[in-house]
Undergrad: 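Before anything else, here's the structure in question.
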Amino acid sequence: MDIKTLADFCAKVGIAFPTAEIYGGFSGFYDWGPVGVEIKNNVKRVWWRTFVHQMDEIVGIDGSIVTHPDVWKASGHVEHFHDVVTRCKKCGRAYRADKLVLEVLGINVEGKPAEEIDTIIRKNNVRCPSCGGELGPVEYFNLMFETKVGPYGGVTSYLRPETAQLIFVNFPRVYLLARKRMPFGIAQMGKAYRNEISPRNFLFRLREFEQMEIEFFFDPKDDACPYYNEVKGKKVLGLTAEMQERGEKERPMRIADLVPEMPGREWMIFWIAKSVDFFVSVGVDPKRIRVREQLPDERAHYSMGTWDVEFRFDDLGWQEIEGIAHRGTYDLSRHQEFSGKSFEAVRPDGSKFIPMVIEPSWGVERTILAMLYSAYRKDEKRTYLRIHPQVAPYVVAVFPLVSKDGLPEIAREIYKEIRTEFRAFYDEKGNIGKRYRRQDEIGTPFCITVDYQTREDETVTIRDRDTMQQERVHKDEVVAWIREHVKNWRV
Ligand code: GLY
């Protein structure tokens, strides 16, 4: 499937569509519709439950989006958070210079200095793909959105380009609130903003997007992971930096063989395993997942090693849906230096240290994209989303077969009971076949229909989205039936 098919489908059924469509859209910005907002909230809820509520080591925060400008000086984003850009002298179109060189010449120049890329463009006479015009000089372009704060715009600040920094700046306070435990992690979900040069591929590269991030702090002198035995034997499709340098492809390997000796190695392996498990738990096809170590040139300025979880799209190939970066002591040291405040933790023997940090960072939209891509099914009869009940917009739809003869009253009673526990949808309008198709399209796993037999023996039909099979269940048993089937649902 190509990404455009999925984008068209998502707009049609109310998952996501370009913002301000009536004004022609706004590149890099999307809105979520009635179906999409439910899916998105569900994914975030499952993530929070998995990593905050079910992990003793992790607490959550919710930081501000417009942030003190010094945060971004200390973090290195003012200096380093840029892409390389070139603009056509004739038509004015702007391009990410490294992507252009890759597309036109097949040369990977990611992370190379602007001057070097400029030389390659001149030497090979790369022209504007749109109009054939001459390209201007390759320059750095900072991706942060600036904003003026206060009535006279006295302070220039930024919309956060990652949620991570709000975690780092709050480390001293949250460390105390967490009673100085180590290792420990802080999680945050929320919007982030990047002024991408060429947003594209539907929800894949956006200017406004959401992140789900954890900064997991540990003592480099006491870095054993108590869960290591549970994860060390786990296998994934893996690709190390060395394999890439030798021109090899991904292959099934132990996660433990993906990560070399480094402080926090066991935790890095743990986070890779947890990450892959999370994707699979929300319905991302495991056959389309691989874990790839970033090459040194690709890494962000703070990273001493990064592993990307990637998803294979038929048309876009392997693309990052989560990055797991080892940020060392970079961020806490920088904030200590710039703020003059202590970012140290204390060991039981009283000695002090700056914790190291591993950062698993998910894109919410990319997670959903991979999930929907994995769930989308189309055959000669219908289109349906084979989506997991825990992230489906509705778990159940309830219909009266016809909207007369007392059936709507019974159906409404059942619907009201179900919705106290599950997200439910009620519909009594139109042909029953069409009502089923509509629910199939948005991924509702179960449809309950009240028919004439219900009036006689109080049973209803429950239809399974994937098999389209129906069974009769007594109306008093319906909630227990759903509970059981949701619990046992497997991708
Ligand atoms: N915090 C990592 C990132 O936003 O890419």
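Model, not experiment: these values are computed from the prediction. All heavy atoms count here, side chains included; hydrogens, waters and symmetry mates do not. First listed ligand is number 1; within each ligand, the first listed atom is number 1.
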Undergrad: So Phe171 and Phe343, would you call those rings parallel, tilted or perpendicular, with 30° and 60° as cut-offs?
TA: parallel
Undergrad: Any salt bridge (Lys or Arg N to Asp or Glu O under 4.0 Å) involving residues 152-179? Give me the pairs, sequence neighbours left out, ordered by first then second residue.
TA: Glu162-Arg327
Undergrad: Are the charged groups of Asp285 and Arg312 less than 4.0 angstrom apart, N to O?
TA: no
Undergrad: Would you give the length of the straight line joining atom CH2 of Trp307 to atom CG of Leu258, rounded to the nearest 0.5 angstrom?
TA: 8.0 Å
Undergrad: Atom CD in Glu298, atom CD in Glu110: separation rounded to 0.5 Å?
TA: 5.0 Å
Undergrad: Please list, by chain and number, the protein residues whose heavy atoms come under 4.0 Å of ligand 1.
TA: Glu162, Ala164, Arg194, Gln211, Glu213, Tyr302, Arg327, Glu359, Ser361
Undergrad: Please determine whether side-chain contact (heavy atoms from CB on, under 4.5 Å) holds for the pair Asp31 and Phe26, giving the CA-CA distance in whole Å, both sets of side-chain angles, and the decisive distance to 0.1 Å.
TA: CA-CA 10 Å; Asp31 291 343; Phe26 199 36; over 6 Å; no
